[in-house]
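All residue numbers in this chain count up from 1 along the given sequence. Small disclaimer: the values here were computed from a predicted structure and weren't measured.
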Amino acid sequence: MSMLPAALHIRRGVTAVVGSGGKTTTLATLATLLEAPGSPDMNGTGVDGTHAATAPRIILTTTTHIRPFPFTPLYTGERGSELAQVLDGHPTVCCGTPAQDGKLAAPKMPFDGLARLADYVLAEADGSRALPIKAHAAHEPVVPTETRSLVIVVGAHGFGSSVESVAHRPEIFCRRSGSCPCDPVTPELVAKVLASELSDGAIPCPREASVSILVTHVAGERHLEDARRLHHALGRPVLAVDYPQQALWSIAE
């Protein structure tokens, strides 16, 4: 699991996590791994090949809405000098603007400014209403133009259930995949949606950004086989993760 940042090609600057079925857990896990002593970015070569003499500064944030991360200092202002002071005392800080129901909206400071204050800016850039599968409307995801690493999350626990029961925006999922609402979600259908969205820009990808596919909630061989099928149908490497078991698989063949 310690290799997750490197496997996802997380580089210094802005990382945007989109999709469904584990974005928030992925952000929290990345922050913990990047911050931890002995991580690839501690006292040596970082995940992007640079040299780090001290623990990296990390900002957790959003371009849409998130809940504040527990046990993480929260900054809701708009002054870079104030945020820098908070980061001086805490390697990881959550940053956003107070919104309804205790949630946070996007921070008041621009993302290029955040990236000048922290080594890593990890942003949840999508919403999925806690569903494991997603297709995107025209106004989403909200990927910052400064993004250097783009992670697309797919929840394996959605495979096998009907589109209408597990997909956020099922009508768009059906249109892009050629499926019906009552059809079971398969890796091949998800691959059609992802390929279509990446091709026509529905999932915007800044020119210099890396793109990684991450399958979460992998519990057992059946979900691993689903991840393999997604890899073969999509023609891209796929990472599969079981966070509770601290297990990570790379599927590239």
Side-chain angles (χ1 to χ4, degrees), residues 3-31 33-34 39-41 45-50 52 56-64 66 92 95-96 106-107 109-128 134-154 176 190-216 227 230-231 234-241 248 250-252:
M3 296 307 297
L4 182 64
L8 290 174
H9 307 288
I10 304 302
R11 295 185 283 175
R12 290 174 181 265
V14 178
T15 293
V17 180
V18 305
S20 53
K23 296 186 299 295
T24 303
T25 301
T26 297
L27 286 169
T29 302
L30 286 173
L33 293 173
L34 289 167
S39 74
D41 206 45
T45 302
V47 295
D48 63 351
T50 60
R57 294 180 171 196
I58 301 164
I59 292 174
L60 289 164
T61 188
T62 183
T63 61
T64 55
I66 56 170
T92 300
C95 183
M109 288 179 285
F111 273 80
D112 59 350
L114 296 177
R116 287 193 293 269
L117 294 171
D119 298 287
Y120 298 98
V121 179
L122 309 178
E124 185 166 319
D126 209 351
S128 59
K134 164 144 194 179
H136 291 90
H139 64 279
E140 56 185 5
V142 186
V143 176
T145 57
E146 299 87 355
T147 296
R148 300 190 69 206
S149 306
L150 178 65
V151 179
I152 304 173
V153 176
V154 177
R176 285 190 176 272
V190 172
K192 285 183 179 181
V193 173
L194 288 177
S196 172
E197 292 186 330
L198 287 168
S199 176
D200 66 16
I203 298 179
C205 181
R207 180 175 298 181
E208 301 300 323
S210 62
V211 179
S212 300
I213 310 297
L214 179 66
V215 178
T216 60
L230 179 61
H231 158 64
L234 190 57
R236 287 176 175 264
V238 168
L239 290 170
V241 66
L248 175 68
S250 178
I251 304 168

I'd like to check the side chain to side chain donor-acceptor pair (under 3.5 Å) partners of [X]; sequence neighbours left out, ordered by chain and number.
{"X": "Ser20", "result": "none"}
{"X": "Thr24", "result": "Glu124"}
{"X": "Thr29", "result": "none"}
{"X": "Ser149", "result": "none"}

Is any side-chain heavy atom of [X] less than 4.5 Å from a side-chain heavy atom of [Y]?
{"X": "Leu194", "Y": "Val154", "value": "yes"}
{"X": "Leu30", "Y": "Ile58", "value": "no"}
{"X": "His231", "Y": "Ile213", "value": "no"}
{"X": "Thr216", "Y": "Thr25", "value": "no"}
{"X": "Arg12", "Y": "Tyr120", "value": "yes"}

Could you tell me which residues satisfy side-chain contact (heavy atoms from CB on, under 4.5 Å) with [X], sequence neighbours excluded, listed by chain and number?
{"X": "Ala195", "result": "Leu234"}
{"X": "Ala28", "result": "Phe69"}
{"X": "Val143", "result": "Ala16, Val18, Pro141, Thr147, Leu150, Pro204, Pro206"}
{"X": "Thr145", "result": "none"}

Taking every non-hydrogen atom, the tightest pair across [X] and [Y]:
{"X": "Phe111", "Y": "Thr62", "result": "CZ-O, 3.8 Å"}
{"X": "Thr63", "Y": "Ala125", "result": "OG1-CA, 3.1 Å"}
{"X": "Leu33", "Y": "Leu4", "result": "CD1-CB, 3.8 Å"}
{"X": "Cys95", "Y": "Ile59", "result": "CB-CG2, 3.8 Å"}
{"X": "Leu114", "Y": "Met109", "result": "CD2-CE, 3.8 Å"}
{"X": "Cys205", "Y": "Val211", "result": "SG-CG2, 3.2 Å"}

Just by distance, do the side chain of Arg11 and the backbone of Arg148 share a donor-acceptor pair under 3.5 Å?
yes
Just by modelled atom types, is the Ile10 backbone N or O under 3.5 Å from a matching donor or acceptor in the Thr15 side chain?
no
Apply salt bridge (Lys or Arg N to Asp or Glu O under 4.0 Å) to Glu140 and list each qualifying residue two or more places apart in sequence or on a separate chain.
Lys134, Arg169
If the condition is salt bridge (Lys or Arg N to Asp or Glu O under 4.0 Å), which residues does Arg236 pass it with, not counting sequence neighbours?
none
Nearest 0.5 Å, please: how far is CD1 in Ile203 from NE2 in His136?
5.0 Å
Determine which pairs satisfy salt bridge (charged side-chain N to carboxylate O under 4.0 Å, His left out) with at least one residue from residues 17-29, sequence neighbours left out, and list them in order.
none
Does the side chain to side chain contact (heavy atoms under 4.5 Å, CB included) test come out yes or no for Val215 and Ile251, once each step is laid out?
CA-CA 10 Å; Val215 178; Ile251 304 168; over 6 Å; no
Which residue pairs pass the side-chain hydrogen bond (donor to acceptor under 3.5 Å, both in side chains) test with at least one member in residues 199-215, sequence neighbours excluded?
Arg176-Asp200
